[in-house]
Trainee: 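Have a look at the structure that comes next, please.
The structure presented is a predicted model; accordingly, all values stated were derived computationally and were not measured.
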Amino acid sequence: MKILVINSGSSSLKFQVIDTDTEEVLAKGQCERIGIDGVFNYRTARGLALKEKYPMKSHKEAVDRILKTLVDPEMGVIGDYGEIDVVGHRLVHGGEKFTGSVVITDEVLDVMRACNDLAPLHNPANIVGVEACRELMPDTLMVGVFDTAFNQTMEPKAFLYGLPYRFYEKHKIRRYGFHGISHRYVSRRAAEFMGQRPDRVKTIVCHLGNGASICAVKYGRVVDNSMGFTPLEGLVMGTRCGDVDAGALEYLSKKENLDFPQIMSILNQESGVLGISKNLSSDFRELKDAEIKYNDTAALAREIFAYRVAKYIGSYAAAMTGVDNIVFTAGVGENDSDIREEICSYLEFLGITIDEVKNREQGEAVRISDGTSRVNVLVIKTNEELEIAREAAELVNSLKGRPKM
Ligand code: ADP
């Protein structure tokens, strides 16, 4: 089955064409600066590549450009649009309504629009991407894969805040958790890599990128996720603060005469390791370079980040009454061996020992714990596009009554 995977943001649209029979990426790329000036980036498995300025006033023009390139006699990878069996859309917030992937219908879009308030930055941009594809490929099945869906197995004890219950009933204020597509892919890949059955193991996935979250997956189901009502809660991130006392924010608003939108902008864009390092950088590579040159706040930012991750791992081991696998993934998790080492240094009480040589190896999946470690510690490259393609194919196959992939 050939699946076009679409990840639509407010001014960018990433895409991949994946053949789910071989799991080969036939082509991939992205449209950037949509509605501004427009840049088109494209690469095929055969090594053809293209990067050029291309004005795109709307997401529809971006999708049009993608489709035309995919069928181009020279650059393309398919003969006509009909060769695409399904379009799989990454959708950020499905609220409590969606616990799995869905075929996108008018009703599904209406429910998504009702969730717009829950993810004002992401959901409207996702919907625009869906609408553009529906207009240009009216006969092609569209499937939505939600970032929140995998986390919907959390129990009330994990997803409710200590707020009056009526706010949950009235406004659905609760913890949703995010990065579900990545956490699902990585937890299952870890089990596969270790020769385990996913429904028999307890796994903690540390998705450490610009946005960062930790997920406790017990026997294939999410028990807890460090992100909450929004992706702001939990870890200290590139520019987001993570957990913070609401009382401090009220105090700050009075002291600095700030209103809520201003405070939210500080918490989302000016905090995290960027804010702690006195605006040096949100990029862990730059912070490491600065730390080597004895920059104290850069070192502190990395230290606080690692400490918070370790704290969450400890609490999730308790939440699952044990842990078999701890997995690092995403930009920082996959590449920053020093941070991994620092995090793991807190975890010796769990019987964790790291092989320093393995920790510096690169690969799609590497076990970095040594033979004596009581918990497997792994580094696995996340692959959200493949997960979306797999889920879309699985859904379509189940609808057709064919055996699942
Ligand atoms: P996003 O949340 O935007 O998808 P990524 O998962 O791509 O983020 O992670 C991006 C971050 O990964 C960068 O900001 C950078 O801090 C970090 N990163 C990437 N490569 C390295 C590296 N070699 N060493 C340390 N950090 C890295």
Trainee: Side chains of R360 and D338: closer than 4.5 Å at any heavy-atom pair?
Mentor: yes
Trainee: With a 3.5 Å distance limit and no angle check, can you tell me whether R43 reaches the backbone of G29 through a side-chain donor-acceptor pair?
Mentor: no
Trainee: By salt bridge (charged side-chain N to carboxylate O under 4.0 Å, His left out), which residues pair with E387, not counting sequence neighbours?
Mentor: R184
Trainee: Report yes or no: do T203 and S187 form a side-chain donor-acceptor pair below 3.5 Å?
Mentor: no
Trainee: Tell me, do I343 and I326 make a side-chain contact under 4.5 Å, heavy atoms counted?
Mentor: no
Trainee: Hey, is CD on E192 packed in by over 12 heavy atoms from elsewhere, all under 6.0 Å?
Mentor: yes
Trainee: Measuring from atom NZ of K293 to atom CG of N295, what distance do you get when rounded to the nearest 0.5 angstrom?
Mentor: 9.5 Å
Trainee: A quick test of your reading: do over 12 heavy atoms of other residues, nucleotides or ligands sit less than 6.0 Å from CD of E364?
Mentor: yes
Trainee: Quick one: does D85's side chain get under 4.5 Å of V396's, heavy atoms only?
Mentor: no
Trainee: Distance under 6.0 Å and angle within 45° of the ring axis: does R189 meet both against F193?
Mentor: no
Trainee: Can you check whether P261's main-chain N or O pairs, donor with acceptor, with S265's side chain at less than 3.5 Å?
Mentor: no
Trainee: Before giving the answer on ring pair (Phe, Tyr, Trp, His ring centres under 6.0 Å), spell out for F284 and F305 the whole-Å C-alpha distance, their side-chain angles and the decisive distance to 0.1 Å.
Mentor: CA-CA 10 Å; F284 281 73; F305 177 85; 4.6 Å; yes
Trainee: Using side-chain contact (heavy atoms from CB on, under 4.5 Å) as the criterion, point out the one residue from N7, I66, V128 that pairs with L13.
Mentor: I66
Trainee: Any side-chain to backbone donor/acceptor pair from T44 onto A27? Under 3.5 Å, distance only.
Mentor: no
Trainee: Decide whether D72 and Y42 meet the rule of one side-chain donor and one side-chain acceptor closer than 3.5 Å.
Mentor: no
Trainee: Please check if any side-chain donor atom of T372 sits under 3.5 Å from a side-chain acceptor atom of T353, or the reverse.
Mentor: yes
Trainee: Checking K172 against Y168: charged group under 6.0 Å from the ring centre and within 45 degrees of the axis?
Mentor: yes
Trainee: When you measure from the side chain of R340 to the backbone N and O of G333, does any donor-acceptor pair fall under 3.5 Å?
Mentor: yes
Trainee: Does D259 offer a backbone N or O that forms a donor-acceptor pair with the side chain of Q262 under 3.5 Å?
Mentor: yes
Trainee: I want to check a possible cation-pi pair here: R174 against F159, using under 6.0 Å from ring centre and within 45° of the ring axis as the test.
Mentor: yes
Trainee: Within the 4.5 Å heavy-atom criterion, are F146 and K97 side-chain neighbours or not?
Mentor: no
Trainee: Does some side-chain heavy atom of V366 sit less than 4.5 Å from a side-chain heavy atom of K358?
Mentor: yes
Trainee: Applying side-chain contact (heavy atoms from CB on, under 4.5 Å), can you list everything that pairs with S10, at least two apart in sequence or on another chain?
Mentor: A125
